[in-house]
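What you see is a predicted model, and the numbers here were worked out from it, not measured in a lab.
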Amino acid sequence: MDLTPAAVETRRKQQLRSRVFWFLAGAAVNYLLIATPFKWLKTHTAMPTWAISACSFGVSSSFFFVWNYFINFRTDSRKRDALARYLAAVVCMWLLSSATLTGLKQIDAHLAFNIGRFPLDLDIIATQFFLSWLKFFLYHKWVFPLAGEGNEPPAD
């Protein structure tokens with residue numbers, strides 16, 4: 001196997017591109033996991049907006065916790081070592097996302113955008129956009145770091 005510096009650099013770039021692709025694909029799934037419960041709860045309940053936001057992001061956070069931790073665990077550190085960091089990141093992002101979405105819903109700028117007959121909730125998209133840099137940093141640099149980045153916990 002070729003382990004030249006150029007080959008190592010090429011592999012790192014491919015890993016980064018792959019992670020960015022899956023991050024964007026996850027953003028699309030995340031949107032659906034937030035928007036669907038939000039719309040349903042808004043239509044069928046009398047819950048306040050902050051509670052609907054918290055529940056909607058709770059659905060998304062729960063799904064991605066199970067997916068990322070139990071199915072798609074991608075780091076050289078052990079699951080047990082990453083669990084505390086992961087739970088802290090999930091709770092932090094859930095709180096920030098719920099608060100941001102609630103604030104944007106309170107402003108209610110009446111902006112609308114449709115893709116065909118499918119209306120997009122721009123407040124949810126804006127929430128994801130505003131917090132995406134923090135989410136990317138937390139998950140890809142702190143919770144699930146790539147091997148060789150120097151920020152993994154020491155091995156036993």
Side-chain angles (χ1 to χ4, degrees), residues 12-147 149 151-153:
R12 281 185 184 237
K13 287 180 183 178
Q14 289 172 342
Q15 285 178 329
L16 180 62
R17 280 188 216 120
S18 175
R19 289 179 106 171
V20 169
F21 168 78
W22 286 112
F23 188 79
L24 293 174
V29 171
N30 194 25
Y31 171 80
L32 292 173
L33 289 172
I34 298 164
T36 304
F38 193 95
K39 184 176 181 180
W40 191 89
L41 290 170
K42 192 73 165 169
T43 303
H44 295 93
T45 69
M47 294 170 64
T49 302
W50 66 265
I52 294 173
S53 296
C55 289
S56 298
F57 274 100
V59 169
S60 171
S61 298
S62 298
F63 174 82
F64 279 106
F65 173 81
V66 170
W67 178 265
N68 288 329
Y69 192 74
F70 293 106
I71 297 169
N72 196 28
F73 192 80
R74 297 177 311 187
T75 182
D76 290 337
S77 59
R78 297 177 308 186
K79 283 186 177 185
R80 180 175 35 140
D81 295 336
L83 182 60
R85 292 189 311 264
Y86 189 38
L87 286 174
V90 167
V91 170
C92 174
M93 290 308 302
W94 173 76
L95 285 170
L96 289 172
S97 298
S98 297
T100 303
L101 182 58
T102 300
L104 290 173
K105 290 292 183 186
Q106 297 300 324
I107 294 170
D108 195 15
H110 298 291
L111 298 175
F113 183 76
N114 296 332
I115 296 180
R117 293 182 359 189
F118 185 72
L120 293 178
D121 188 328
L122 296 178
D123 293 330
I124 293 172
I125 292 171
T127 298
Q128 288 184 289
F129 179 76
F130 291 150
L131 298 173
S132 62
W133 63 272
L134 177 60
K135 189 175 189 177
F136 188 86
F137 173 77
L138 280 175
Y139 290 109
H140 294 278
K141 295 294 185 183
W142 185 56
V143 177
F144 300 121
L146 284 173
E149 289 186 347
N151 51 356
E152 303 88 22

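- Annotation: Lys39, atom NZ; neighbour count of heavy atoms from other residues, nucleotides and ligands within 6.0 Å does not exceed 12.
- Here the straight-line distance linking atom CD of Gln128 with atom CD1 of Ile34 works out to 4.5 Å at 0.5 Å rounding.
- Side chains of Asn30 and Phe63 form no contact here, defined as non-hydrogen atoms less than 4.5 Å apart.
- Using a 4.5 Å cut-off on side-chain heavy atoms (C-beta onward), Trp67 and Val29 make no contact.
- Here the closest non-hydrogen pair linking Lys105 and Asp121 is NZ-OD2, 2.7 Å.
- The structure places OG of Ser98 at 10.0 Å from CE of Met93, a figure rounded to the nearest 0.5 Å.
- Here the CZ-CD1 distance, from Phe57 to Ile124, works out to 6.5 Å after rounding to the nearest 0.5 Å.
- The shortest distance between side-chain heavy atoms of Lys42 and Thr49 falls below 4.5 Å.
- Inspection of the Thr100 and Thr127 side chains reveals no N or O donor paired with an N or O acceptor under 3.5 Å.
- With rounding to the nearest 0.5 angstrom, the CZ atom of Phe130 is 12.0 Å from the OG atom of Ser97.
- Nearest heavy-atom pair, Asp123 versus Leu104, reported as atom, atom and distance to 0.1 Å: O-CD1, 3.5 Å.
- No side-chain heavy atom of Ile125 sits less than 4.5 Å from a side-chain heavy atom of Phe113.
- A heavy-atom distance below 4.5 Å is found between the side chains of Leu120 and Tyr31.
- Taking the side chain as every heavy atom from C-beta outward, Leu101 and Phe38 approach each other to under 4.5 Å.
- The environment of CZ in Phe129 is sparse: at most 12 heavy-atom neighbours from other residues, nucleotides or ligands sit within 6.0 Å.
- Between Leu16 and Arg12 the shortest side-chain heavy-atom distance does not fall below 4.5 Å.
- Taking CD1 of Ile52 as the start and OG1 of Thr45 as the end, the distance is 4.5 Å to the nearest 0.5 Å.
- In this structure a side-chain-to-backbone donor-acceptor pair under 3.5 Å is missing from Trp50 to Ala99.
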